[in-house]
Amino acid sequence: KGKAGSSVFFSIEETSKKDEIRWLKKEQLIAKWNSNKVTSYGIYKNRCHIFENGTLQLDKAQEGDGGNYTVEIYWNGKPMHTGTYKLDVLEGVSKPNITWQCLTPVKFECKVNEKNYEKFSWKINDNRWEKTDENSKTTSETFGEVTCKVKNAVSEEDTTIKFDCRGLQLDLYMIASIAGGGLLLLISIILLIYCCRRHRQKKRDQSEEAELQVQSPEESAPVPQRRTVSVGEPPRQPKRPPQPHPRSHKSAPRQPAPRRERKKSPKQVYTEDF
């Protein structure tokens with residue numbers, strides 16, 4: 001396995017009898033050594049070097065360089081040795097970035113850009129290294145140094161930082177209390193909004209009911225009832241209330257006119273002298 005951008009070496013067993021060495025990829029000649037002279041071909045030109053012992057050096061490895069390589073060693077035109085090698089080119093891991101949260105316990109997180117990492121290793125203060133598949137770590141220690149190391153098959157990187165959470169930790173009970181208080185406040189606000197809307201709706205209903213009670217006479221007049229009549233039956237005439245006979249009609253007694261009082265003239269008294 002090789003790291004992208006770096007040099008990759010294919011080592012072989014040294015053979016005393018050789019006068020020509022050939023390296024091929026998928027049966028295509030990429031480099032040849034002959035009498036201390038090296039020649040490379042195609043996209044591998046100026047990227048390959050063959051040592052006298054037959055080792056191949058491939059510079060600036062790329063993901064496209066992955067695959068099977070074959071070496072052939074000749075002496076006087078006769079093959080003396082043949083070998084096959086497989087190459088996997090991987091991206092190297094980047095330098096990790098550590099973040100932390102002052103909780104109880106303190107929580108660390110190690111972030112890398114690549115996804116081809118294999119293992120994380122953690123070291124807090126003077127404790128031993130701990131290997132894990134997780135990129136997070138918790139500890140009860142509140143200050144000191146923490147180191148995160150990331151590695152894959154071709155490279156590894158590490159980062160060390162100092163942390164201090166003394167006096168900044170949030171107790172779990174405090175967090176639960178804050179969350180509970182926020183929940184109660186939210187429920188209170190919802191209930192208040194509901195009661196306000198209910199009160200407004202009640203006042204609106206009472207107003208509409210008062211408007212219905214105060215109606216015009218036309219609206220309050222009874223609706224005439226309909227009567228069904230069978231076919232062939234003459235319609236019934238509505239009954240009229242009995243009218244008084246003209247002869248039996250008696251006029252109301254006349255009231256006597258008020259009498260006028262006459263003023264009485266005073267009586268004359270005559271006296272005679274005897």
Asks: Using side-chain heavy atoms (C-beta onward) and a distance below 4.5 Å, is Lys111 in contact with Pro96?
Replies: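 SC-SC contact between Lys111 and Pro96 ruled out.
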Asks: Search all heavy atoms of Lys119 against all heavy atoms of Asp133 and return the closest pair with its distance.
Replies: NZ-OD1, 2.8 Å
Asks: Sequence neighbours left out, what passes ring-ring contact (aromatic ring centres under 6.0 Å, His included) with Tyr85? Give chain and number order.
Replies: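 In terms of ring-ring contact (aromatic ring centres under 6.0 Å, His included), with neighbours along the sequence ignored, Tyr85 is linked to Trp23.
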Asks: May I ask you to test the Asp65-Arg47 pair for a side-chain heavy-atom distance under 4.5 Å?
Replies: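 A side-chain contact under 4.5 Å exists here.
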Asks: How close do Leu56 and Cys48 get, heavy atom to heavy atom, and via which atoms?
Replies: CD1-CB, 4.0 Å
Asks: What pairs meet the side chain to side chain donor-acceptor pair (under 3.5 Å) rule with one or both residues in residues 178-203, with sequence neighbours excluded?
Replies: Tyr194-Arg198, Gln201-Arg204, Gln201-Asp205
Asks: Taking the side chain from Ser40 and the backbone from Asn46, do they hold a donor-acceptor pair closer than 3.5 Å?
Replies: yes
Asks: Rounded to the nearest 0.5 Å, what's the gap from OG1 on Thr70 to CG on Leu24? Could you check?
Replies: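 The OG1 atom of Thr70 sits 6.5 Å away from the CG atom of Leu24.
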Asks: Would you say Asn125 and Glu141 make side-chain contact, with heavy atoms under 4.5 Å?
Replies: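 Yes; the side chains approach each other to less than 4.5 Å.
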Asks: Within a strict 4.5 Å, meaning less than it, do heavy atoms of the Val93 and Glu157 side chains meet?
Replies: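 Side-chain contact under 4.5 Å: yes.
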Asks: How about Tyr69 and Phe10: are their ring centres within less than 6.0 Å of each other?
Replies: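 Between Tyr69 and Phe10, the centre distance is under 6.0 Å.
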Asks: The criterion is salt bridge (Lys or Arg N to Asp or Glu O under 4.0 Å); which residues satisfy it with Asp164, sequence neighbours excluded?
Replies: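 So Asp164 forms a salt bridge (Lys or Arg N to Asp or Glu O under 4.0 Å) with Arg166.
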Asks: Indicate yes or no: at least one non-hydrogen side-chain atom of Cys165 is less than 4.5 angstrom from one of Trp100.
Replies: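 The answer is yes; the side chains approach within 4.5 Å.
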Asks: Is the closest side-chain heavy-atom distance between Ile161 and Val146 below 4.5 Å?
Replies: yes
Asks: Could you measure the distance from the CD1 atom of Ile30 to the CG atom of Leu58? Nearest 0.5 Å is fine.
Replies: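 Rounded to the nearest 0.5 Å, the CD1-CG separation comes to 7.0 Å.
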Asks: Once the angle between the rings of Phe108 and Phe163 is folded into 0 to 90°, is it parallel (under 30°), tilted (30 to 60°) or perpendicular (over 60°)?
Replies: perpendicular
Asks: Under the rule for salt bridge (Lys or Arg N to Asp or Glu O under 4.0 Å), what residues qualify as partners of Glu130, not counting sequence neighbours?
Replies: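 For Glu130, the residues satisfying salt bridge (Lys or Arg N to Asp or Glu O under 4.0 Å) (neighbours in sequence not counted) are Lys137.
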Asks: Who are the salt bridge (Lys or Arg N to Asp or Glu O under 4.0 Å) partners of Asp126, not counting sequence neighbours?
Replies: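 With neighbours one apart ignored, the set is empty.
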Asks: For the residue pair Lys25 and Gly67, what are the closest heavy atoms and their distance?
Replies: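 Scanning both residues, the minimum pair turns out to be CE-CA, 4.5 Å.
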Asks: State which residues pass salt bridge (Lys or Arg N to Asp or Glu O under 4.0 Å) with Lys32; sequence neighbours excluded, sorted by chain then number.
Replies: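 Salt bridge (Lys or Arg N to Asp or Glu O under 4.0 Å) check on Lys32 returns nothing, list empty.
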Asks: Flag yes if more than 12 heavy atoms outside Lys18 fall under 6.0 Å of its NZ atom; otherwise flag no.
Replies: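 Yes, because the 6.0 Å sphere around NZ of Lys18 holds more than 12 heavy atoms from other groups.
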Asks: Would you mind checking if Lys107 and Glu109 are paired as a salt bridge, meaning a charged N to carboxylate O distance below 4.0 Å?
Replies: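 Looking at Glu109 and Lys107, the cut-off is not met.
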Asks: In Å and rounded to the nearest 0.5 Å, what is the CD1 to CD1 distance from Ile189 to Ile193?
Replies: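 Rounded to the nearest 0.5 Å, the CD1-CD1 separation comes to 7.0 Å.
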